[in-house]
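To start, the structure under review is shown below, and the notes come after it.
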2 protein chains.
Amino acid sequence: MSGEQVQEKVFNEKDQHLDEETLFVVSQTFKALSDPTRIRILNFLCTGEHSVTDIAETLNLSQSSVSHQLRFLKNLRLVKFRREGTTLYYSEDDDHVMNLLKQAIDHAEHH
Amino acid sequence: MSGEQVQEKVFNEKDQHLDEETLFVVSQTFKALSDPTRIRILNFLCTGEHSVTDIAETLNLSQSSVSHQLRFLKNLRLVKFRREGTTLYYSEDDDHVMNLLKQAIDHAEHH
DNA sequence: TCTATATATGAGCATATAATTATATATTAA
DNA sequence: TTAATATATAATTATATGCTCATATATAGA
């Protein structure tokens, strides 16, 4: 009986059970999008690549705070950067996640 | 000069600037989806309505923990419930957010 | 009314998170 | 090599978060 239930769950796995890795990836992804500062940074990067200083000044944030959040986003491969001299230009690096963000913003703005 | 910049931002608002309320709503929405327990609960509710006890047993969580998280989700109107005797049956109440969750799960599962 | 069952809630605790401050690193130019 | 600029990082602090334990509330039945 209990054996059957377990078996049944295995068969239903596709559309119901979440394995640990999926759970981790999904929660991390949404965690990245759950902080107002990171949302503002990602939303700003929608307009193209920007340096750390540019991001900090435009969004009225400290350089350190922006750098910390960019590291967070870079670890999740949501942003990437290229160097030009001492300046690092950051830009989006995950279309899927940016799409989720845009959907949520759109939905929030149109109630 | 500084006046022009401000003005320019007002005109670009549609596709770039996020007002505080939008920022708050978006971050709250993603915060709801950023916790593994809440993800599991919402994902389970994809299969239909379930009582608190059912959710707790199926997902191997304490009754209290489930109840707390359901209150969180109910405050954001992501779930609703109906009563039948002493039993409360919870179910999804926000198609848009459930859709965001499904997209993220789908994407994570298919790498 | 008393009891049992189902759920909600409050308090406390441990951990996570985000900002700040100070400092370190890296690149370029003089 | 020194100075200037841009960025990264470490340590600290304050707050947020999620769980557990204990208890409260609500409904139904005896």
Side-chain angles (χ1 to χ4, degrees), chain A residues 18 20 23-45 49-91 93 101, chain B residues 18 20 23-45 48-91 93:
Chain A
L18 299 176
E20 276 212 30
L23 203 56
F24 180 74
V25 170
V26 170
S27 64
Q28 285 296 109
T29 300
F30 284 128
K31 193 157 295 178
L33 300 174
S34 72
D35 176 69
T37 298
R38 287 192 292 269
I39 292 173
R40 294 178 72 213
I41 291 174
L42 289 172
N43 184 64
F44 183 46
L45 292 181
E49 66 175 15
H50 293 281
S51 71
V52 178
T53 300
D54 187 7
I55 296 170
E57 285 176 356
T58 303
L59 302 182
N60 213 24
L61 299 166
S62 74
Q63 177 269 318
S64 178
S65 173
V66 171
S67 192
H68 276 296
Q69 298 296 2
L70 286 171
R71 179 167 61 166
F72 182 106
L73 295 171
K74 191 159 59 65
N75 286 338
L76 291 179
R77 317 250 178 195
L78 302 191
V79 301
K80 61 183 190 297
F81 65 87
R82 73 180 174 85
R83 176 183 287 278
E84 197 169 293
T86 58
T87 302
L88 304 187
Y89 290 96
Y90 279 83
S91 56
D93 197 29
L101 177 58
Chain B
L18 299 176
E20 276 212 30
L23 204 56
F24 180 75
V25 170
V26 170
S27 64
Q28 284 296 110
T29 300
F30 285 128
K31 193 157 295 178
L33 299 174
S34 72
D35 176 69
T37 299
R38 286 192 292 270
I39 292 173
R40 295 177 71 212
I41 292 174
L42 289 173
N43 184 63
F44 183 45
L45 292 182
E49 64 174 17
H50 293 280
S51 71
V52 177
T53 301
D54 187 7
I55 297 169
E57 285 177 356
T58 303
L59 303 183
N60 213 24
L61 300 166
S62 75
Q63 177 268 319
S64 178
S65 174
V66 172
S67 191
H68 276 295
Q69 298 295 3
L70 286 172
R71 179 168 60 166
F72 182 107
L73 295 171
K74 192 160 57 65
N75 286 339
L76 291 179
R77 316 249 178 197
L78 302 190
V79 301
K80 60 183 191 294
F81 66 86
R82 72 178 175 87
R83 176 182 287 277
E84 197 169 292
T86 59
T87 302
L88 303 186
Y89 291 97
Y90 279 83
S91 56
D93 197 30

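Every chain is numbered from 1, with letters handed out A, B, ... down the list of sequences. Heavy-atom basis, side chains included; hydrogens, waters and symmetry copies ignored.
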Whether each nucleotide of nucleotides 23-30 of chain D has a protein heavy atom under 4.0 Å at its base (B), only at its sugar-phosphate (S) or at neither (-) is summarised, 5' to 3', as ----BS--
Grab the CG-C1' distance between A:L59 and C:dA19 for me, whole Å please. 15 Å
Check: B:F24 main-chain N/O paired with B:S27 side-chain donor or acceptor under 3.5 Å: yes
For A:I39 and C:dT17, what is the distance between atoms CD1 and P respectively, to the nearest whole Å? 15 Å
Is B:H68 stacked on the base of C:dT9 when the test is centres under 5.5 angstrom and planes under 30 degrees? yes
Euclidean distance, atom CG of residue B:L73 to atom C1' of D:dT17 [Å, nearest integer]: 14 Å
Quick one: is C:dT17 close enough that its OP1 or OP2 comes under 4.0 Å of any side-chain N or O from A:R38? no
To the nearest 0.5 Å, what is the distance between OG1 (A:T37) and CG (B:L23)? 8.0 Å
To the side chain of A:Q69, which of C:dT9, C:dA18, D:dA10 is closest? C:dA18
So does A:Q63 get a backbone contact from the side chain of A:S67, meaning a donor-acceptor N/O pair under 3.5 Å? no
Between B:L45 and B:I55, does the side-chain contact (heavy atoms from CB on, under 4.5 Å) criterion hold? Intermediate values first, please. CA-CA 9 Å; B:L45 292 182; B:I55 297 169; 4.1 Å; yes
In this structure, how many angstroms lie between the C1' atom of D:dC19 and the CZ atom of B:F72, rounded? 14 Å
Gap separating the CG atom of A:L42 from the CZ atom of A:R40, nearest 0.5 angstrom: 12.0 Å
Find the distance B:I41:CD1 to C:dT7:C1' and express it as a whole number of Å. 14 Å
Between A:S62 and C:dA19, is there a contact of a side-chain N or O with OP1 or OP2 at under 4.0 Å? no
Phosphate OP1/OP2 of D:dA6: any A:T53 side-chain N/O under 4.0 Å: no
Begin from the C-alpha positions of B:L33 and A:L33 and carry the test side-chain contact (heavy atoms from CB on, under 4.5 Å) through to its verdict. CA-CA 10 Å; B:L33 299 174; A:L33 300 174; over 6 Å; no
Please report, to 0.1 Å, the donor-acceptor pairs under 3.5 Å made by any side chain of residues 73-84 of chain B, with sequence neighbours excluded.
{"residue": "B:N75", "atom": "ND2", "partner": "B:R71", "partner atom": "O", "Å": "3.4"}
{"residue": "B:K80", "atom": "NZ", "partner": "B:E92", "partner atom": "O", "Å": "3.0"}
{"residue": "B:R82", "atom": "NE", "partner": "B:E49", "partner atom": "OE1", "Å": "3.0"}
{"residue": "B:R82", "atom": "NE", "partner": "B:E49", "partner atom": "OE2", "Å": "3.1"}
{"residue": "B:R82", "atom": "NH1", "partner": "B:E84", "partner atom": "OE1", "Å": "2.7"}
{"residue": "B:R82", "atom": "NH2", "partner": "B:E49", "partner atom": "OE2", "Å": "2.5"}
{"residue": "B:R82", "atom": "NH2", "partner": "B:E84", "partner atom": "OE1", "Å": "3.4"}
{"residue": "B:R83", "atom": "NH1", "partner": "B:G85", "partner atom": "O", "Å": "3.1"}

Flag the pair A:D35 / A:Q69 as yes when at least one side-chain heavy-atom distance between them is below 4.5 Å, and no otherwise. yes
If I take atom CZ in residue A:R71 and atom P in nucleotide C:dA24, what distance separates them, rounded to the nearest angstrom? 16 Å
Distance in Å, B:I39 CD1 paired with B:L59 CG, rounded so as to fall on 0.5 Å steps: 12.0 Å
Taking the side chain of B:Y90 as heavy atoms from C-beta outward, which of C:dA8, C:dT20, D:dT20 is closest to it? C:dA8
Over all strands shown, is B:S67 touching base, sugar-phosphate only, or nothing at heavy-atom distances under 4.0 angstrom? base
d(OH, A:Y89; C1', D:dA6) in whole Å: 10 Å
What residues from residues 26-37 of chain B pass a heavy-atom cutoff of under 4.0 Å to DNA chain C? none
No-H, no-angle donor-acceptor pair, B:S64 side chain to C:dT7 base, under 3.5 Å: no
Let me know the distance between CZ of B:R82 and C1' of C:dA6, rounded to the nearest Å. 15 Å
Would you indicate whether the side-chain heavy atoms of B:T87 and B:T53 approach each other to under 4.5 Å? no
